[in-house]
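Just so it is clear: chains get the letters A, B, ... in the order the sequence lines come, proteins before strands, and each one is counted from 1.
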2 protein chains.
Amino acid sequence: MTQTDPTSIRVAVSTVIVALRPHPDTGAPALWMPLVRRVTDPFEGSWALPGGWVGPDEGLEDSAAARLRETTNVQPRYLEQLYAFGDVDRSPSRVVSIVYWALVHPDEAESVPDDWNVRWFLADEHPALAFDHDRIVEYALWRLRNKMSYSRIAQAFLGDRFTLAELRGVYEAVLGRTLDPANFRRQVERTDAILPTDETTSGDRHRPARLYRSNPDLAYADNGPLTDTTTRTTTGATTLATVLPPRSTSNR
Amino acid sequence: MTQTDPTSIRVAVSTVIVALRPHPDTGAPALWMPLVRRVTDPFEGSWALPGGWVGPDEGLEDSAAARLRETTNVQPRYLEQLYAFGDVDRSPSRVVSIVYWALVHPDEAESVPDDWNVRWFLADEHPALAFDHDRIVEYALWRLRNKMSYSRIAQAFLGDRFTLAELRGVYEAVLGRTLDPANFRRQVERTDAILPTDETTSGDRHRPARLYRSNPDLAYADNGPLTDTTTRTTTGATTLATVLPPRSTSNR
DNA sequence: ACAAAAGTGTTGCGCCTACACCCATGC
DNA sequence: GCATGGGTGTAGGCGCAACACTTTTGT
């Protein structure tokens with residue numbers, strides 16, 4: 001069982017952060033992600049995912065959250081482990097990266113600096129990244145699009161109160177196609193994922209829209225027995241199942 | 001970004017191996033997993049998941065496969081990364097474990113020794129395990145049960161040729177409930193996941209059953225952009241979608 | 001003949017799609 | 001009044017669950 005000395009492997013965390021912001025051309029909601037510019041040797045000057053080393057006294061998720069706050073000043077609404085990348089040649093030195101993905105809503109996105117070190121990019125128009133980060137981003141987006149259809153993570157993109165049109169906009173941005181407003185409404189209202197409030201919008205040049213809020217008793221996603229032993233009231237139900245495929249059943 | 005020196009963290013791999021074998025009481029197919037007895041200090045004498053250290057020149061999945069062969073003599077039909085566990089206190093020393101899960105079919109299960117060092121246990125009746133391995137096993141089984149409903153991994157439990165009744169038995173064992181043979185047949189036949197052969201069973205005291213084989217052009221699961229850059233012909237389609245929930249839509 | 005599992009037919013129901021239509025507000 | 005999106009109604013179709021029924025073997 002015991003192999004060669006393993007102390008030469010270092011452990012890092014990185015996070016793919018995704019937020020919804022207006023597309024510069026169309027104005028429609030689109031996926032954006034903040035990237036950081038590398039200032040040290042491997043891939044110096046390239047853009048890369050925010051991250052850093054795991055401290056000796058940090059759990060992995062804690063470490064991801066800490067590096068996130070340090071590098072991009074984000075405290076995400078949703079944070080989930082994506083995958084562990086550990087190919088031998090993915091870095092000049094041997095590094096195993098535990099990669100997380102995070103969803104932030106617009107308020108939080110504001111706190112991210114947009115300067116020489118950190119910049120927001122459209123998720124599908126980012127420059128070539130350092131290390132194997134291109135592949136990682138691609139996988140994160142694939143996972144996001146899949147998970148959208150069987151969880152409530154769409155809500156993690158929005159603020160406290162939102163209209164059904166805004167929620168639908170999230171789905172449309174992530175799935176890349178329009179959805180029927182009438183049918184979307186019925187599907188999402190049949191679940192208990194969101195709760196209506198008494199408030200409505202106003203000032204638009206059309207009928208006011210009711211504002212909804214996330215059901216606080218439900219987590220954004222059901223990660224099963226992995227639910228942190230803390231006080232998460234994860235019930236496994238009501239997910240707005242089949243927004244996704246008009247075409248034949250596809251894998252996840 | 002750079003934190004304290006991270007060289008004190010060691011990286012290990014472990015694997016939850018699952019196979020289908022008859023239940024000792026009922027004879028019906030049931031989930032079994034081989035565990036190894038620890039022979040060194042932390043948790044010496046306890047049962048634990050097979051695994052070991054990641055070598056400096058090994059990729060993570062290669063390492064998992066290698067440790068698997070060394071400890072349990074298994075070359076699994078299906079191997080997928082499950083999760084990275086890295087809580088600070090999960091081991092006396094600081095260890096980050098990249099955990100995989102593997103499915104083996106009966107032939108391969110034969111090659112696993114069943115002796116003082118390695119023993120097969122019913123998946124839901126195993127003894128208390130070393131480290132956080134109880135939690136890991138629980139998560140692996142949850143993932144297996146979920147993934148069963150939107151992938152073809154059930155076939156990884158079976159040999160080259162199998163009847164629809166055998167395939168249905170896999171689903172029934174994993175999901176823990178019976179399925180209607182007629183509806184199951186139609187659902188699975190509508191996909192191109194399995195192909196009929198000319199062969200049939202014989203010797204049973206009832207009508208012979210046609211033998212099927214896995215469609216070699218399809219991977220057991222679609223892991224998206226993570227598909228190893230090698231020659232996997234992963235097409236993303238035809239998964240036998242809704243065997244699962246008679247009750248309200250549940251999370252994954 | 002009978003048991004038992006393989007395999008086929010049929011019906012009902014729920015959900016999803018598409019699209020027509022009404023409602024309430026700003027201008 | 002009119003444009004615009006919010007919100008409701010409704011008909012068609014597909015897929016699944018349930019279960020009756022036929023087929024083919026071994027004993």
Side-chain angles (χ1 to χ4, degrees), chain A residues 26-29 148-150 158 161-172 175 177-212 237-250, chain B residues 27-29 148-150 161-172 175 177-212 237-250:
Chain A
T26 68
M148 185 76 47
S149 59
Y150 58 88
L158 298 173
R161 299 294 139 100
F162 49 86
T163 66
L164 288 182
E166 287 168 342
L167 183 60
R168 179 165 47 88
V170 178
Y171 280 89
E172 291 179 340
L175 299 178
R177 63 192 181 92
T178 59
L179 300 173
D180 184 303
N183 297 329
F184 180 83
R185 161 181 304 275
R186 274 180 291 247
Q187 285 185 43
V188 76
E189 276 187 334
R190 188 138 31 100
T191 76
D192 53 353
I194 62 173
L195 304 173
T197 70
D198 294 337
E199 311 158 53
T200 57
T201 59
S202 69
D204 299 324
R205 40 181 295 187
H206 57 74
R207 174 173 171 178
R210 180 168 301 280
L211 288 173
Y212 291 79
T238 64
T239 64
L240 174 60
T242 47
V243 191
L244 191 59
R247 41 209 175 282
S248 80
T249 67
S250 76
Chain B
M148 186 75 48
S149 59
Y150 57 87
R161 299 293 139 99
F162 49 86
T163 65
L164 288 182
E166 286 168 343
L167 183 60
R168 179 165 48 86
V170 179
Y171 280 89
E172 291 179 341
L175 299 178
R177 64 192 180 91
T178 59
L179 299 173
D180 184 302
N183 296 330
F184 181 83
R185 162 182 303 275
R186 273 181 292 247
Q187 284 185 43
V188 76
E189 275 188 334
R190 191 143 28 113
T191 76
D192 53 353
I194 61 173
L195 304 173
T197 70
D198 293 339
E199 311 158 53
T200 56
T201 58
S202 68
D204 300 322
R205 42 183 292 187
H206 59 74
R207 176 173 171 176
R210 180 168 301 281
L211 289 172
Y212 291 79
T238 62
T239 65
L240 174 59
T242 47
V243 190
L244 190 58
R247 41 206 176 282
S248 79
T249 67
S250 76

Check your understanding: Which part of the nucleic acid does B:Ala182 contact within heavy-atom distance under 4.0 Å: base, sugar-phosphate only, or nothing?
Key ->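 The answer is base, as B:Ala182 lies within the cut-off (heavy atoms under 4.0 Å) of a base atom.
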Figure out the [atom1]/[atom2] separation between [X] and [N], and round it to whole Å.
{"X": "B:Phe184", "N": "D:dC19", "atom1": "CZ", "atom2": "C1'", "result": "19 Å"}
{"X": "B:Leu179", "N": "D:dG15", "atom1": "CG", "atom2": "P", "result": "19 Å"}
{"X": "A:Asp180", "N": "D:dG7", "atom1": "CG", "atom2": "P", "result": "14 Å"}
{"X": "A:Glu189", "N": "D:dT8", "atom1": "CD", "atom2": "P", "result": "7 Å"}
{"X": "B:Phe162", "N": "C:dA5", "atom1": "CZ", "atom2": "C1'", "result": "18 Å"}
{"X": "B:Tyr171", "N": "D:dC16", "atom1": "OH", "atom2": "P", "result": "13 Å"}
{"X": "B:Leu167", "N": "C:dG7", "atom1": "CG", "atom2": "P", "result": "13 Å"}
{"X": "A:Arg185", "N": "D:dG5", "atom1": "CZ", "atom2": "C1'", "result": "11 Å"}

Check your understanding: Does the side chain of A:Pro181 reach to within under 4.5 Å of the side chain of A:Arg168, using non-hydrogen atoms?
Key -> yes
Practice item. Would you kindly compare A:Gly203 and B:Arg168 by the position of their nearest DNA chain C nucleotide and give the one closer to the 5′ end? Key: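 First, find each residue's nearest nucleotide; the 5'-ward one identifies B:Arg168.
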Check your understanding: Nearest nucleotide by nearest heavy atom, which residue falls closer to the 5' end of DNA chain C, A:Asn183 or A:Arg207?
Key ->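 Its nearest nucleotide lies further toward 5', so the answer is A:Asn183.
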**Study point:** Side chain of B:His206 - closest among D:dT25, C:dT25, D:dG7
**Key:**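 Ranking D:dT25, C:dT25, D:dG7 by closest atom to the B:His206 side chain puts D:dT25 first.
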Point to revise | A:Arg205, nearest nucleotide to its side chain (from C:dA6, C:dG26, D:dG9) | key: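 Looking only at heavy atoms from C-beta outward on A:Arg205, the closest nucleotide is C:dG26.
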**Study point:** Donor-acceptor pair (no angle test) under 3.5 Å: B:Arg186 side chain, C:dG9 base
**Key:** yes
Exercise for review: Check if the side chain of B:Asp204 and the base of C:dA4 share a donor-acceptor pair of N or O atoms closer than 3.5 Å.
Suggested key: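 Such a pair does not exist between side chain and base.
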Practice item. Using distance alone, with no hydrogens and no angle criterion, decide if A:Tyr212 and A:Glu166 have a side-chain donor and acceptor under 3.5 Å apart. Key: no
Check your understanding: Can you tell me how far OG1 of A:Thr200 sits from CZ of A:Arg207, rounded to the nearest 0.5 angstrom?
Key -> 10.5 Å
Review point. How far does CG of A:Leu164 sit from CG of A:Leu211, to the nearest 0.5 angstrom?
Key: 9.5 Å
Point to revise | Main-chain N/O of A:Ala182 paired with A:Asp180 side-chain donor or acceptor, under 3.5 Å | key: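 Flag set: sc A:Asp180 to bb A:Ala182 pair under 3.5 Å.
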